[in-house]
A.B. asks: 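Once you've had a glance at the structure underneath, I'll fire off some questions.
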There are 2 protein chains.
Amino acid sequence: MSATSLAAMLRERGLRLTPQRQLILEAVHELGHATPETVHNAVRERVAGVNITTVYRTLELLEELGLVNHTHLSHGSPTYHPAGEDQHVHLVCRSCGSIEEMDPAVLLPVCDRLRDERDFRVDVGHVSLFGVCGKCKESE
Amino acid sequence: MSATSLAAMLRERGLRLTPQRQLILEAVHELGHATPETVHNAVRERVAGVNITTVYRTLELLEELGLVNHTHLSHGSPTYHPAGEDQHVHLVCRSCGSIEEMDPAVLLPVCDRLRDERDFRVDVGHVSLFGVCGKCKESE
DNA sequence: TTCGTTGCAAACAGTTTGCATGCGG
DNA sequence: CCGCATGCAAACTGTTTGCAACGAA
């Protein structure tokens, strides 16, 4: 996502491209999985004075624009990541907190079955599976 | 879970069976999926003066005892449900908020694959799948 | 000048902690 | 009497909202 195309998307809706919005989107891309607070810190490393409120509002806006997605990993803050990338399922280790990504294709059989049997359409881009990663399993 | 066996479990750890603890556990069983606040309200319908703090502390205790489990359904409060019942996966409709339950067996192929390929042990009792239920799909 | 955007402060929801009281064993 | 358990108030985290000021078109 270049600054100019972001500007174009915003202009279509009568909105402006501001330094804050550009930096926040860049931060989400750099960080991969980031909470609003993490994004806030990353942005502030570059420029001072960006408010956490703006981060929240901008992340919401970027999600409306389809540029980022958010997921709820266990408790606490949601994490944002760039959209447009391949969708992925999150593997969250409850022991060390690490987040791995996985191809959602492995869930397709399950999704098909839920659609047929339960009439439920799973949003595969929004799935988090909790468990214990190999590293933590060893040291138990 | 009878009051006497709950009492026994508590005594094993040097803890007491109080009316609050008994009522809170009963409420979780009655409600099925309940947030701490919902439990609090349910308990207060029976007896006045039970503090929300006590609900939090007791739910945590009951979870340590293995009597209840909690899951994070999207944002906001966690929901508690009785353990010991069959484990189940939650199907959460993002549109109407309804919660259906599902046999986690449908996830076993996925879990096996993750264990073999990624060395990741999924906690099937803790899975929530987000999407749209049939009812909401119709009215779109 | 208009209106989107921001920062600040305050409100807000959910949760946790410290502390004094109180009751059971 | 000892120590678990509770209630209350206050702190705390994460998030949202109201409002005035700023600045680009």
Side-chain angles (χ1 to χ4, degrees), chain A residues 3-4 6-25 27-28 33-44 46-65 67-68 70-80 97, chain B residues 3-4 6-25 27-28 33-44 46-65 67-68 70-80 97:
Chain A
T4 56
L6 173 55
M9 296 187 65
L10 290 167
R11 267 200 307 274
E12 269 179 30
R13 304 185 30 161
L15 305 175
R16 299 178 192 148
L17 175 58
T18 62
Q20 286 91 332
R21 289 179 175 166
Q22 190 179 334
L23 289 167
I24 288 169
L25 180 57
V28 171
H33 292 92
T35 63
E37 198 191 343
T38 311
V39 172
H40 186 211
N41 290 333
V43 170
R44 280 197 299 186
R46 304 270 231 89
V47 295
V50 177
N51 196 280
I52 184 71
T53 306
T54 301
V55 174
Y56 276 102
R57 286 196 278 231
T58 300
L59 288 172
E60 191 184 347
L61 174 63
L62 293 175
E63 189 152 36
E64 275 176 36
L65 295 176
L67 298 176
V68 305
H70 82 276
T71 315
H72 294 277
L73 306 178
S74 71
H75 61 291
S77 310
T79 71
Y80 286 79
Chain B
T4 54
L6 173 56
M9 295 187 66
L10 289 167
R11 266 201 306 275
E12 269 180 30
R13 305 183 32 157
L15 305 175
R16 297 176 192 151
L17 176 59
T18 62
Q20 286 93 331
R21 288 178 176 168
Q22 190 179 333
L23 289 167
I24 288 169
L25 179 57
V28 172
H33 291 92
T35 63
E37 198 191 343
T38 310
V39 172
H40 185 211
N41 290 332
V43 171
R44 281 197 298 185
R46 304 272 230 88
V47 296
V50 177
N51 196 282
I52 183 70
T53 305
T54 302
V55 174
Y56 277 102
R57 284 195 277 230
T58 301
L59 287 173
E60 190 185 347
L61 174 63
L62 293 176
E63 189 152 36
E64 274 175 38
L65 294 176
L67 297 177
V68 305
H70 82 277
T71 315
H72 293 277
L73 304 179
S74 70
H75 58 293
S77 310
T79 70
Y80 286 79

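Computation of the quantities below employed the complete heavy-atom set of this structure, encompassing side-chain atoms and omitting hydrogens, waters and symmetry-equivalent molecules. Small disclaimer: the values here were computed from a predicted structure and weren't measured. The chains referred to below are lettered A, B, ... by the order of the sequence lines, with proteins before strands, and numbering in each begins at 1.
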A.B. asks: Carefully, step by step, assess Leu59(A) and His70(A) under the rule side chain to side chain contact (heavy atoms under 4.5 Å, CB included).
C.D. replies: CA-CA 9 Å; Leu59(A) 288 172; His70(A) 82 276; over 6 Å; no
A.B. asks: Which residue lies toward the 5' end of DNA chain C, Glu37(B) or Arg16(B), if each is placed at its nearest nucleotide?
C.D. replies: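 Closest to the 5' end, via its nearest nucleotide, is Glu37(B).
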A.B. asks: Please confirm whether the backbone N or O of Leu10(B) pairs with a side-chain atom of Arg16(B), one donor and one acceptor, at under 3.5 Å?
C.D. replies: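 Checked: no pair found.
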A.B. asks: Ignoring hydrogens and angles, tell me if any N or O in the side chain of Thr54(B) forms a donor-acceptor pair with the backbone of Val50(B) under 3.5 Å.
C.D. replies: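 The answer is no, because no donor-acceptor pair under 3.5 Å joins these two groups.
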A.B. asks: Without decimals, in angstroms, what is the distance between Arg44(B) CZ and dT6(D) C1'?
C.D. replies: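 In whole Å, dT6(D) C1' and Arg44(B) CZ are 15 Å from each other.
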A.B. asks: Please list residues of residues 49-57 of chain B whose heavy atoms come under 4.0 Å from any atom in DNA chain D, ordered by number; otherwise none.
C.D. replies: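 DNA chain D contact set from residues 49-57 of chain B: Gly49(B), Val50(B), Asn51(B), Thr53(B), Thr54(B), Arg57(B).
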A.B. asks: Any side-chain heavy-atom pair from Val39(B) and Thr35(B) closer than 4.5 angstrom?
C.D. replies: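 No; the side chains remain at least 4.5 Å from each other.
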A.B. asks: Are any non-hydrogen side-chain atoms of Leu67(A) and Val28(A) less than 4.5 angstrom apart?
C.D. replies: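 Leu67(A) does not reach Val28(A) side chain to side chain.
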A.B. asks: Roughly, in whole Å, what's the span from NE2 in His40(A) to P in dT15(D)?
C.D. replies: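 For the pair His40(A) NE2 and dT15(D) P, the rounded distance is 13 Å.
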A.B. asks: Using whole Å, report how far CD of Glu64(A) lies from C1' of dT5(C).
C.D. replies: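 To the nearest whole Å, that distance equals 15 Å.
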A.B. asks: Under 4.0 Å between a side-chain N/O of Arg21(B) and OP1 or OP2 of dT6(D), yes or no?
C.D. replies: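 Yes, Arg21(B) has a side-chain N/O under 4.0 Å of OP1/OP2 on dT6(D).
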A.B. asks: If you draw a 6.0 Å radius around CD in Glu60(A), do more than 12 non-hydrogen atoms from other residues or ligands fall strictly inside?
C.D. replies: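 Atom CD in Glu60(A) is not crowded, with 12 or fewer foreign heavy atoms closer than 6.0 Å.
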A.B. asks: Select one nucleotide: of dG4(C), dT6(C), dG24(C), the one nearest the side-chain heavy atoms of Gln20(A).
C.D. replies: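 Of the candidates, dT6(C) comes closest.
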A.B. asks: Decide yes or no for Leu15(B) and Met9(B): does some side-chain heavy atom of the first lie under 4.5 Å from some side-chain heavy atom of the second?
C.D. replies: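 When only atoms from C-beta onward are counted, Met9(B) and Leu15(B) do not touch, as no gap falls below 4.5 Å.
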A.B. asks: Round to the nearest Å and state the distance from Leu10(B) atom CG to dA5(D) atom P.
C.D. replies: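 Rounded to whole Å, this separation is 7 Å.
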A.B. asks: Pro36(A) or Thr18(B): which one's nearest nucleotide on DNA chain D is closer to the 5' end?
C.D. replies: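 In this pair, the answer is Thr18(B).
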A.B. asks: If I take atom CG in residue Leu17(A) and atom C1' in nucleotide dA25(D), what distance separates them, rounded to the nearest angstrom?
C.D. replies: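 Atom CG in Leu17(A) sits about 14 Å away from atom C1' in dA25(D).
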A.B. asks: In whole angstroms, how far is the P atom of dT15(D) from the CG atom of Leu61(A)?
C.D. replies: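 Result: 17 Å.
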A.B. asks: Rounding to an integer number of Å, can you tell me how far Glu60(B) CD sits from dA5(D) P?
C.D. replies: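 Spelled out: CD on Glu60(B) to P on dA5(D) is 13 Å.
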A.B. asks: Nearest-Å distance, CD (Gln22(B)) to P (dT6(D))?
C.D. replies: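 Roughly 12 Å, once rounded to whole Å.
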